[in-house]
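Inspection log for the structure reproduced underneath, given as structure tokens.
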Amino acid sequence: MKLKSSPWRCSMKVVDISDLRSHTGEEVTVRGWLRRKRSSGKIQFLFLRDGSGFVQAIAERSSVSDGVFQNANNLKMESSVVVKGVVKAEERAPGGVELLVTDIEVVQIPEKDFPINKPDHSIDFLMDNRHLWLRTQRQTHILKIRHEIIKAVREFYNDRDFVLVDTPIFTGSIGESAGNTFEIDYFDYGKAYLAQTGQLYLEAAAMALGKVYNLGPTFRAEKSKTRRHLIEFWMNEAEVAYYKHEDNIKLQEDLVSYVVQKTLERAGDNLLAIGRDIGKLKKIEAPFPRMTYDEAVRLLQKKGFTIAWGDDIGADEETAVASEFDKPVVVEKYPKMMKAFYMQPDPERPEVVFCDDMLAPEGYGEIIGASERIHERELLIERIKEYGLDVSSYDWYLELRDYGTVPHSGFGMGIERVVAWIAGLEHIREAIPFARTLYRIHP
RNA sequence: UCCAGCGUGGCUCAAUGGCAGAGCAUCCGGCUGUUAACCGGACGGUUGGGGGUUCGAGUCCCUCCGCUGGAGCCA
């Protein structure tokens, strides 16, 4: 359908719906879409959205022209409209403010019915229609919460003089372990891989700039089908030269506290609108409770789990540990054979490494994985061999240890897991605009 | 990959092996304060595909496809 050209483009006082309250009594123009319409014959209720918010507009038979009333009557769900009206404080209206219509310009009336029109669609249908599902109130609230979370993450680092270092998405060497990487053809070079982590590159950058961070997409070809997994997810990683295990944990606690409190401050209304219990979030202030892997195993044994030292802490066990606390809990010093090759062993207990996982409360699981990195070349080579990895593919990574090597530490935080936790989502797929899950890449 | 579940109008779901139905959406009519509006009427079906058992299959069996949840692994 052809768009109409209209005089409203330059001659009207256009106001965001979120800002209507400050224009009470004035005649203004709102540009947006019709979310829903209700009619009582001689009065029509138009529920409008414009991206900034939602407002109810009223068209009364007795106070508008025939043409305007007919325009209102013709509108269907998700019609695009430019509505002129007088802002009025009104107790009966949702939001406390409504728009008394004086004119309606129709931009487009859809020929087809909007597919998402009731509250009980199946998740399969909603995911197939994700491009349209995004227009619903709940999804716009979640996207705004995600926006504030990412903004707070960037601020946290920028305020502390970290340097943003964007790490590559195409990588030639293998990051942590083969087997769950996406492989692609890279011209005559042969195979390249989609990044699972930017850590190795951040370690290089930390030796140049001291304190660095990244924020970008990562890819894991894991055939996971749980509410905590995405194939493509956004990760924030930080790496700091001269930071030891303790400094690293402190940084993580400060980051998570900051992000939660800033999100509460700036997206509190969005959180409330989707039913989040924000009382639980207000408690999220550093320091966080801590326990060693040893203590976690003893706790789980006391709770009746059959787990021995050296066993992995599985999903159920993780939830059991985290449910002991109403803040995130830091579990540190895991057995070295359970963790990645590059983690620094504890000199006092060489069987454990200086690492930590941060587990979010309320069953949301691991949001951060962290460690102090091995900074001695010989030890690193020894560990690469122990893991059966090819030393030659880590050539440049090893070379970082040849020129002024120093202790350093860092971590990775899963953005969508943090969004899911803060927003109180049941499934991580709502925490990202277009989720890539196992067997779903469209739209 | 493994385990479990689901697949019926556009959508969400019913239907002891025996006439395929309801609500919502859509369309028509009514209603000046609706909040998932309401009231009356109409339209709407190759029950995911294929095969089998049976007088008879949406229902039971086999197989394939799709989706969902969980496990392992991870952030």
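Numbers restart at 1 for each chain; the letters A, B, ... are given by sequence-line order, proteins then strands.
Rounded to a whole angstrom, the distance from the C1' atom of B:G44 to that of B:C38 is 23 Å. Look at the C1' atom in both B:C11 and B:G45: the space between them is 15 Å, to the nearest Å. Taking atom C1' in both B:U26 and B:U68, one finds a spacing of 29 Å when rounded to whole Å. Comparing the same atom, C1', in B:G17 and in B:G52 gives a spacing of 16 Å after rounding to whole Å. Look at the P atom in both B:A22 and B:A14: the space between them is 16 Å, to the nearest Å. B:U63 and B:A25: their C1' atoms are spaced 36 Å apart (whole Å). B:G50 and B:G7 have their C1' atoms separated by 16 Å, given to the nearest Å. A gap of 12 Å separates the C1' atoms of B:C61 and B:U54, to the nearest Å.
Residue contacts for A:Gly365: at a heavy-atom cut-off of 4.0 Å it reaches no nucleic acid atom on any strand shown. Within the nucleic acid shown, A:Ser62 comes within 4.0 Å of at least one base atom, counting heavy atoms only. Counting non-hydrogen atoms under 4.0 angstrom, A:Asp312 reaches the backbone sugars and phosphates but no base. Backbone-only contact: A:Phe125 has heavy atoms under 4.0 Å from sugar-phosphate atoms and none from a base. Looking at heavy-atom distances under 4.0 Å, A:Lys225 makes contact with a base. Base engagement by A:Leu230 is indicated by at least one non-hydrogen atom pair under 4.0 Å involving a base atom. Within the nucleic acid shown, A:Arg35 has no heavy atom closer than 4.0 Å to any nucleic acid atom. Residue-level contact check: A:Arg228 touches the bases, meaning some heavy atom is under 4.0 Å from a base atom.
Of the possible donor and acceptor atoms, none in the side chain of A:Ser80 sits under 3.5 Å from a partner among the backbone N and O of A:Val107. The backbone N or O of A:Phe69 lies less than 3.5 Å from no partner atom in the side chain of A:Asn73, so there is not a single donor-acceptor pair. A:Glu416 places a side-chain N or O within donor-acceptor distance of the main-chain N or O of A:Trp234, the cut-off being under 3.5 Å. Looking only at distances, no side-chain donor or acceptor of A:Arg373 sits under 3.5 Å from a matching main-chain atom of A:Glu203.
Closest to the side chain of A:Phe233, out of B:G72, B:U1, B:A75, is B:A75. Minimum atom distance to the side chain of A:Ser39 is reached by B:C31, of the listed B:C31, B:U1, B:U34. Of the candidate nucleotides B:G72, B:C74, B:U68, B:G72 has the atom lying nearest to any side-chain atom of A:Ser224. Candidate nucleotides B:U68, B:C73, B:U32 were compared by shortest atom distance to the side chain of A:Glu222, and B:C73 ranks first. Checking B:C67, B:A36, B:C31 against the side-chain heavy atoms of A:Asp124 singles out B:C67 as nearest.
Heavy-atom nearest nucleotides on RNA chain B were determined for A:Met358 and for A:Asp316, and the one closer to the 5' end corresponds to A:Asp316. Summary of the strand contacts: A:Asp357 and A:Ser122 both lie near RNA chain B, and taking for each the nucleotide with the nearest heavy atom, the more 5' one is attributed to A:Ser122.
The salt bridge (Lys or Arg N to Asp or Glu O under 4.0 Å) check on A:Asp390 picks up nothing, with sequence neighbours excluded.
We find that the ring of A:Phe45 and the base of B:G33 do not stack by the test of centres under 5.5 angstrom and planes tilted less than 30°.
Between A:Lys282 and A:Asp277, no side-chain nitrogen of the basic residue sits less than 4.0 Å from a carboxylate oxygen of the acidic one, so the salt-bridge criterion is not met.
B:U26 atom C1' lies 8 Å from atom NZ of A:Lys76, rounded to whole Å. The distance from atom CD1 of A:Ile368 to atom P of B:C74 is 17 Å, rounded to the nearest whole Å. With rounding to whole Å, A:Glu111 atom CD is found 13 Å from B:C27 atom P.
A ring-centre distance under 6.0 Å is found for A:Phe47 and A:Phe54.
Between A:Tyr258 and A:Phe156, the ring-plane angle classifies as tilted under the 30° and 60° cut-offs.
A:Ser122 and A:Asp124 are not linked by any side-chain donor-acceptor pair at a separation below 3.5 angstrom, with hydrogens and angles left out of the test.
A side chain to side chain donor-acceptor pair (under 3.5 Å) with A:Glu78 holds for exactly one of A:Arg35, A:Lys112, A:Gln108, A:Arg36; it is A:Arg35.
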Any chance you could encode RNA chain B as dot-bracket? Rule is Watson-Crick or G-U wobble with both distances under 3.5 Å; [ ] for pairs crossing earlier ones, | for another strand. (((((((..((((....[..)))).(((((.......))))).....(((((..]....))))))))))))....

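Heavy-atom distances under 4.0 Å link RNA chain B to A:Tyr439, A:Arg440 of residues 436-443 of chain A, given in residue order.
Because its NZ or CZ atom is both nearer than 6.0 Å to the ring centre of A:Tyr334 and within 45° of the ring axis, A:Lys339 counts as a cation-pi partner of that residue.
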